[in-house]
Amino acid sequence: MIRINQIKIPVSFLNKTSFSQIKENDNKDDNLKEELIKKAASLLYISKDEIRSCSIVKKSIDARKKPDIYFIYTIDVEIENEDELLKRLSKRRSHRGGSNQITKAEVNKYHFPSSDVFIVSDKFSHRPVIIGTGPAGLFCGYFLARYGYRPILLERGKAVEDRQKDVEEFWKNGILNPDSNVQFGEGGAGTFSDGKLNTLIKDKNGKNKEVLRIFVDAGAPEEILYEAKPHIGTDILMKVIRNIRNEIIANGGEIRFESKVTDIVIDKGAVKEVIINDSEHLSADVVVLAIGHSARDTFRMLHNNGIPMESKAFAVGLRVEHPRKMINQLQYGIKESKLLPTADYKLTARSKDGRGVYSFCMCPGGYVVNASSQNGRLAVNGMSYSGRNGNNSNSAIIVTVTPEDFGGIHPLAGVEFQQRLEEKAYEIGEGKVPVETYGDFKEAVTGALKSLSIIKQEYPDFMPEIKGAYGFAPVHQILTGPLNNAFIEGMEQFGNIMPGFADSGVYVSGVESRTSSPVRIHRDETGQSEIKGLYPCGEGAGYAGGITSAAMDGITVAEKIMEDK
């Protein structure tokens with residue numbers, strides 16, 4: 001296969017083709033495929049009839065010269081005598097100063113490090129136990145089940161379909177189930193989010209692609225395999241999770257819901273059993289801790305049992321909302337287009353005191369959601385459906401915090417810091433998501449008089465889009481002074497990049513406190529804690545930061561378990 005990078009197709013070209021087909025999958029659109037083959041043939045100095053096949057590897061958007069916008073494709077094509085053609089092209093390029101646009105395609109396909117199916121009793125006395133069914137736990141269980149290990153997955157919350165009912169009940173009536181909510185239940189915290197599947201982790205062995213392929217097999221759209229910023233939305237993600245669950249069960253695994261691990265029994269430096277719901281004892285010599293970043297009671301239980309862990313840096317902040325059409329205008333030069341996805345952004349800054357300030361979990365055409373998991377404490381997150389067609393776009397603007405901010409060196413100091421912020425958010429909002437305009441927020445913190453809102457003039461119907469009850473309240477009272485100042489500095493810098501981003505009419509809500517785990521549970525090169533048979537895994541253990549990276553870590557831990565002799 002020959003790989004060709006940087007093939008530009010103007011968005012205007014899509015007016016000539018079937019938008020419904022493009023929206024479904026670029027690889028299924030004949031007109032687009034024909035255009036890509038035509039451009040590939042020209043670059044290769046061959047006739048298009050010589051190209052046997054063409055597949056899209058990557059797709060991104062170039063909006064630098066808006067409103068003239070291009071889709072940028074990387075494609076793989078198959079022809080006869082590929083090596084000979086590449087040699088000819090290399091000679092041509094040497095005369096022109098060289099180019100990396102055309103190369104030999106290197107397919108990085110993942111292979112689980114064994115083709116054998118194991119009998120668990122040959123290696124372990126008991127079936128492996130996985131605590132948690134977020135992406136880390138599900139993918140660890142998926143691979144262990146496929147290779148004959150018959151894992152038992154324990155989930156404190158409910159199956160995703162029942163969990164959805166609890167979440168909607170909470171948003172509607174404020175009735176919180178502490179074990180079945182936006183944070184806890186099948187699929188983990190990412191289930192009620194934008195469903196982003198991109199990651200910054202380098203994919204040296206193809207795990208990233210393997211995770212995406214499994215998602216597609218489970219019902220996700222095929223374009224996530226090549227889009228630069230893949231996402232599937234919470235509505236599709238719930239179906240995918242259910243199908244992965246069924247695959248685990250079909251391969252001999254077992255998933256037990258409403259089964260909260262309340263203790264772990266350790267004997268002679270090794271795992272002996274787990275205790276479920278304070279009563280049931282389950283023997284285990286392999287236990288995977290895929291507990292998620294919000295399992296605070298589990299963190300305390302592990303700490304009380306002497307499991308080595310430490311507090312780590314993370315970030316906290318607030319959600320900001322803008323009109324969706326405004327962000328489209330800023331990014332694309334147009335407010336609306338059926339041919340383009342809802343616009344997103346990624347922004348970074350640095351405050352005067354050296355703190356990183358950046359956008360996080362940006363939800364185009366999405367909603368702010370009440371993501372609380374404890375009574376008397378309130379946290380928010382962002383969520384989009386697959387269509388990303390809500391009235392507003394939102395993002396967390398978060399500020400880095402370190403153990404120095406926690407006021408202590410205890411491993412759970414970060415947890416306690418998060419809880420204090422959430423208690424304040426709950427207090428000032430009287431149990432509802434607290435909202436404040438950025439103009440009022442800035443005036444309260446800095447004393448600077450708020451300016452006239454351009455957003456309110458251009459979008460008079462602009463109001464918060466929040467899942468769960470909300471009310472206007474002094475959001476500026478939630479964070480500490482240094483964090484508030486850093487937040488404002490970041491917003492003002494972002495306003496210089498995207499005019500109107502720091503408009504006084506922007507809505508600010510909080511608190512965004514669950515960006516990542518405040519704890520790292522130690523593990524060695526075998527993937528185990530100092531306690532033999534205990535495998536910290538995923539985001540909650542401090543080794544991932546998002547759906548895809550957590551799933552990849554779940555696969556890594558499955559490999560480690562397989563390698564254990």
Side-chain angles (χ1 to χ4, degrees), residues 124-134 136-138 140-141 151-160 162-163 166 176-189 253-309 372-377 410-412 414-416 418-419 422 514 517-523 528-542 554 557:
F124 309 116
S125 301
H126 309 284
R127 296 164 68 181
V129 172
I130 299 171
I131 304 174
T133 60
L138 282 175
C140 184
I152 299 172
L153 284 74
L154 302 176
E155 170 56 57
R156 69 192 294 165
K158 298 181 182 180
V160 69
D162 296 322
R163 177 189 182 194
D166 289 337
L176 176 67
N177 182 332
D179 290 319
S180 180
N181 47 60
V182 172
Q183 306 295 343
F184 297 133
E186 186 181 27
E254 177 184 348
I255 301 181
R256 297 172 56 179
F257 298 108
E258 299 183 77
S259 297
K260 179 179 175 180
V261 173
T262 51
D263 206 355
I264 291 180
V265 178
I266 299 167
D267 182 41
K268 298 178 181 178
V271 173
K272 182 178 181 181
E273 62 183 19
V274 297
I275 300 176
I276 303 167
N277 296 332
D278 293 315
S279 57
E280 180 185 355
H281 291 243
L282 178 64
S283 297
D285 44 15
V286 170
V287 174
V288 177
L289 294 174
I291 56 179
H293 61 38
S294 294
R296 293 163 173 171
D297 48 1
T298 307
F299 290 149
R300 291 189 178 93
M301 177 271 289
L302 295 171
H303 180 261
N304 291 339
N305 276 301
I307 309 302
M309 62 178 68
S372 303
S373 62
Q374 292 179 302
N375 287 309
R377 297 185 176 121
H410 191 279
L412 302 181
V415 172
E416 294 170 359
Q418 288 177 327
Q419 291 181 154
E422 291 172 16
R514 313 286 184 93
S517 180
V519 168
R520 176 169 287 113
I521 304 173
H522 297 175
R523 71 183 186 190
Q528 299 177 77
S529 164
E530 289 182 14
I531 306 302
K532 182 172 175 53
L534 194 65
Y535 291 81
C537 179
E539 187 165 352
V557 169

Chemist: I want to check something: taking the side chain as every heavy atom from C-beta on, are Arg520 and Met309 in contact at a cut-off of under 4.5 Å?
Modeler: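 The answer is no, as the side chains (C-beta and beyond) never meet within the 4.5 Å cut-off.
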Chemist: Which residues pass the side chain to side chain contact (heavy atoms under 4.5 Å, CB included) test with Ser294, sequence neighbours left out?
Modeler: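 So Ser294 forms a side chain to side chain contact (heavy atoms under 4.5 Å, CB included) with Gln183, Phe184, Arg514.
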Chemist: Would you check if the side chain of Glu155 reaches a backbone N or O of Thr133 as a donor-acceptor pair within less than 3.5 Å?
Modeler: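 Side chain of Glu155 to backbone of Thr133, a donor-acceptor pair under 3.5 Å: yes, one is there.
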Chemist: With side-chain contact (heavy atoms from CB on, under 4.5 Å) as the criterion, how do Leu534 and Ile264 come out once you've worked through the C-alpha distance, each side chain's angles and the decisive distance to 0.1 Å?
Modeler: CA-CA 10 Å; Leu534 194 65; Ile264 291 180; 4.1 Å; yes
Chemist: Is Val129 close to Val288 at the side-chain level, that is, under 4.5 Å between some pair of heavy atoms?
Modeler: no
Chemist: Go through it in stages, so that I can follow the logic: the residues are Val265 and Val274, the test is side-chain contact (heavy atoms from CB on, under 4.5 Å), and I'd like the CA-CA distance, side-chain angles, deciding distance and then a yes or no.
Modeler: CA-CA 6 Å; Val265 178; Val274 297; over 6 Å; no
Chemist: Counting C-beta onward and ignoring hydrogens, is there a side-chain heavy-atom pair between Leu154 and Ile255 closer than 4.5 Å?
Modeler: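 They are not in side-chain contact.
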Chemist: Any chance you could measure Ile275, atom CD1, to Leu282, atom CG, to the nearest 0.5 Å?
Modeler: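 With rounding to 0.5 Å, CD1 (Ile275) is 10.5 Å from CG (Leu282).
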Chemist: Using a 4.5 Å cut-off on heavy atoms from C-beta on, say whether the side chain of Asp285 contacts that of Val271.
Modeler: no
Chemist: Working to the nearest 0.5 angstrom, can you tell me the gap between Ile266 CD1 and Ile307 CD1?
Modeler: 3.5 Å
Chemist: List the residues meeting side-chain hydrogen bond (donor to acceptor under 3.5 Å, both in side chains) with Ser180, not counting sequence neighbours, and say none if there are none.
Modeler: Asp166
Chemist: Does Val519 reach the side chain of Val415, with side-chain heavy atoms less than 4.5 Å apart?
Modeler: yes
Chemist: Heavy-atom distance under 4.5 Å between the side chains of Pro178 and Ser373, does that happen here?
Modeler: no
Chemist: Return each pair, listed once, that meets salt bridge (charged side-chain N to carboxylate O under 4.0 Å, His left out) where at least one residue sits in residues 528-541; pairs must be two or more places apart or across chains.
Modeler: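 Counting only pairs at least two positions apart or across chains, the salt bridge (charged side-chain N to carboxylate O under 4.0 Å, His left out) contacts touching residues 528-541 are Lys532-Asp564.
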Chemist: With no hydrogens and no angle check, do the side chains of Asp263 and Asn305 hold a donor and an acceptor under 3.5 Å apart?
Modeler: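 Looking only at side-chain atoms, Asn305 and Asp263 do form a donor-acceptor pair, the distance falling under 3.5 Å.
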Chemist: Any side-chain heavy atom of Gln419 within less than 4.5 Å of one from Gln374?
Modeler: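 Yes. Closest side-chain heavy atoms under 4.5 Å.
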Chemist: Could you grab the distance from atom CD1 of Ile130 to atom CD1 of Ile291, nearest 0.5 Å is fine?
Modeler: 14.0 Å
Chemist: Any ring-ring contact (aromatic ring centres under 6.0 Å, His included) pairs touching residues 270-302, not counting sequence neighbours?
Modeler: none
Chemist: Gln528 side chain to Gly533 main-chain N or O, any donor-acceptor pair under 3.5 Å?
Modeler: yes
Chemist: Looking at Ser283, is its backbone amide N or carbonyl O close enough to the side chain of Glu273 to form a donor-acceptor pair, meaning the two atoms are under 3.5 Å apart?
Modeler: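 Checking the backbone N and O of Ser283 against the side chain of Glu273, no donor-acceptor pair under 3.5 Å is found.
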Chemist: Can you list the steps and then say if Val557 with Cys140 is a side-chain contact (heavy atoms from CB on, under 4.5 Å)?
Modeler: CA-CA 7 Å; Val557 169; Cys140 184; 4.2 Å; yes
Chemist: Which residues pass the side-chain hydrogen bond (donor to acceptor under 3.5 Å, both in side chains) test with Asn277, sequence neighbours left out?
Modeler: none
Chemist: Which residues pass the ring pair (Phe, Tyr, Trp, His ring centres under 6.0 Å) test with His410, not counting sequence neighbours?
Modeler: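 Checked His410 against ring pair (Phe, Tyr, Trp, His ring centres under 6.0 Å); matches are His303.
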Chemist: Who passes salt bridge (Lys or Arg N to Asp or Glu O under 4.0 Å) against Arg523, sequence neighbours left out?
Modeler: Asp553
Chemist: With sequence neighbours left out, write down each residue that passes side chain to side chain contact (heavy atoms under 4.5 Å, CB included) with Asp162, or none if nothing qualifies.
Modeler: Lys158, Ala159, Lys165
Chemist: How long is the straight-line distance from CG of Leu153 back to CD1 of Ile131, given to the nearest 0.5 Å?
Modeler: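 Reported to 0.5 Å precision, the distance equals 10.5 Å.
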Chemist: With Glu258, which residues qualify under salt bridge (Lys or Arg N to Asp or Glu O under 4.0 Å), at least two apart?
Modeler: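 Scan of Glu258 (salt bridge (Lys or Arg N to Asp or Glu O under 4.0 Å), adjacent residues dropped) gives none.
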Chemist: Mind listing the closest non-hydrogen atom pair of Gly538 and Ala136 along with its distance?
Modeler: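 The answer is CA-CB, 3.7 Å.
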Chemist: Could you note down all residue pairs passing salt bridge (charged side-chain N to carboxylate O under 4.0 Å, His left out) where residues 296-306 supplies at least one of them, sequence neighbours left out?
Modeler: Arg156-Asp297, Lys260-Asp297, Arg296-Glu422
Chemist: According to side chain to side chain contact (heavy atoms under 4.5 Å, CB included), who are the partners of Ser372, at least two apart in sequence or on a separate chain?
Modeler: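 Checked Ser372 against side chain to side chain contact (heavy atoms under 4.5 Å, CB included); matches are Phe170, Asn370, Leu378.
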Chemist: Apply side chain to side chain contact (heavy atoms under 4.5 Å, CB included) to Asp278 and list each qualifying residue two or more places apart in sequence or on a separate chain.
Modeler: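 Applying side chain to side chain contact (heavy atoms under 4.5 Å, CB included) to Asp278 gives Thr262.
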Chemist: Between Ile276 and Arg256, does a side-chain contact (heavy atoms from CB on, under 4.5 Å) hold up when you go through it step by step?
Modeler: CA-CA 11 Å; Ile276 303 167; Arg256 297 172 56 179; 4.1 Å; yes
